[in-house]
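We name chains A, B, ... by the order of the sequence lines, and we start the count at 1 in each one. It should be emphasised that the depicted structure is a prediction, and the values quoted were computed from it without experimental measurement.
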Amino acid sequence: MNCADINKQIYLYNELTEREQKETNEHLEACESCRRTMEQAIGLQRVVAVHQAQIPVLHNETMMTHRIMSAIAARQRTRSSVWEGVVFSLKLSPLRYAMVAFSFFLVSMFIIESADQGDILRGQKTDGAISGPKTALDLASFHNTFLKKKKAQERSSTVFANCIAECLQNDSGCEACTNKFIKP
Amino acid sequence: MVDSHHDLNIAAQSTADQPLIHEELRIAIDKLTAQLSPKQKAVFVLREFEQVTMPEIENILSMDAGQVKSNLYYARKKVSEMITRYYEMKKIRP
């Protein structure tokens with residue numbers, strides 16, 4: 001084997017058979033220039049090992065993350081399905097914040113309502129108040145109705161009393177008070 | 001005492017520079033492999049960096065054993081020569 005063949009075998013040393021490796025080693029012992037080539041090949045192996053050990057450094061990592069996330073967002077935006085569109089829009093931050101605010105509003109309303117009902121129940125226990133939801137009392141209309149009723153009663157009782165007095169004086173009965181007044 | 005202190009400083013400096021040299025070397029190798037032909041690059045990257053076996057490379061690239069070996073030989077030779085030139089330019093040893 002000449003140096004050209006050995007040269008080729010040097011660069012493919014790990015892929016050679018045992019017999020071929022032995023032949024190459026024998027030649028290397030005798031040939032100075034091939035030994036230099038072998039050193040070069042070993043240098044390459046060393047460099048490749050260093051390359052493998054290196055973890056690639058991310059240049060401007062923040063920008064890369066931003067680019068990836070933007071690309072994902074752009075891809076999601078192209079989806080045609082309505083449902084996917086709705087889901088995606090929910091993921092957008094302003095709408096999400098609005099929904100969170102609305103949830104808080106609903107929860108606070110529920111708490112206020114519960115607190116009011118709690119007061120009524122506590123009132124029932126202590127004062128024996130009428131159960132049921134609170135109703136606004138129209139005092140003016142209540143007063144008018146009450147007074148009208150009272151005046152009507154007073155009027156009828158006055159008429160009745162006068163009728164009785166007259167009937168007793170005359171010692172007679174009348175249609176107005178016969179059913180109601182029993183003579184002694 | 002001064003000499004040993006000086007040696008220590010040099011040692012510390014070389015250790016600190018090591019990742020930088022390795023990073024520079026990695027970039028250099030990426031550039032060197034880019035100069036290979038597509039077939040040579042494919043065989044070289046699969047064999048050297050991905051540690052794929054020769055029969056697997058033959059299957060992946062649909063080549064026979066002779067073609068794979070030939071491409072690997074030329075790729076290794078080219079990269080090796082370029083690395084030697086790179087080290088000579090940088091005046092550092094592999």
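A:Ile6 and B:Tyr74 fall into different hydrophobic clusters, where Ile, Leu, Val, Met, Phe, Trp and Tyr side chains are chained together by heavy-atom contacts under 4.5 Å. Residue A:Leu16 is not grouped with residue B:Leu72 when hydrophobic side chains (ILVMFWY) are merged at heavy-atom distances under 4.5 angstrom, including chains of intermediate members. A:Leu106 and A:Ile111 are members of different hydrophobic clusters when ILVMFWY side chains are connected at heavy-atom separations under 4.5 Å. Following chains of ILVMFWY side-chain contacts shorter than 4.5 Å, one cannot reach A:Tyr11 starting from A:Leu28, and the two form parts of different hydrophobic clusters. Placement of A:Val47 and B:Val45 within a single hydrophobic cluster is found when ILVMFWY residues are connected by side-chain heavy-atom separations under 4.5 Å, directly or transitively.
Closest heavy-atom contact between B:Ser80 and A:Ala41: OG-N, 4.1 Å. In terms of heavy atoms, A:Leu44 sits closest to B:Arg76 at CD2-O, 3.6 Å. In terms of heavy-atom proximity, A:Asn7 sits nearest to B:Tyr73 at O-CE1, 3.8 Å.
The side chain to side chain contact (heavy atoms under 4.5 Å, CB included) check on A:Ser33 picks up A:Cys31, A:Arg36, with sequence neighbours excluded. Annotation: ring pair (Phe, Tyr, Trp, His ring centres under 6.0 Å) contacts of A:Tyr13 (sequence neighbours excluded): none.
Heavy-atom pairs under 4.5 Å with chain A were tallied for B:Lys69, B:Glu81, B:Gln51; the largest tally goes to B:Lys69.
Residue-level contacts of residues 30-43 of chain B with chain A, in order of numbering, are B:Asp30; threshold 4.5 Å between heavy atoms.
To the nearest 0.5 angstrom, A:Lys8 atom NZ is 10.0 Å from B:Lys77 atom NZ.
Side-chain contact between A:Glu15 and B:Arg47 is present, with heavy atoms from C-beta onward closer than 4.5 Å.
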Without placing hydrogens or testing angles, list every side-chain donor-acceptor pair under 3.5 Å for residues 54-66 of chain B, not counting sequence neighbours.
unit_1	atom_1	unit_2	atom_2	d
B:Glu56	OE1	B:Thr53	N	3.3
B:Glu56	OE1	B:Thr53	OG1	3.1
B:Asp64	OD1	B:Gly66	N	3.2
B:Asp64	OD1	B:Gln67	N	2.9

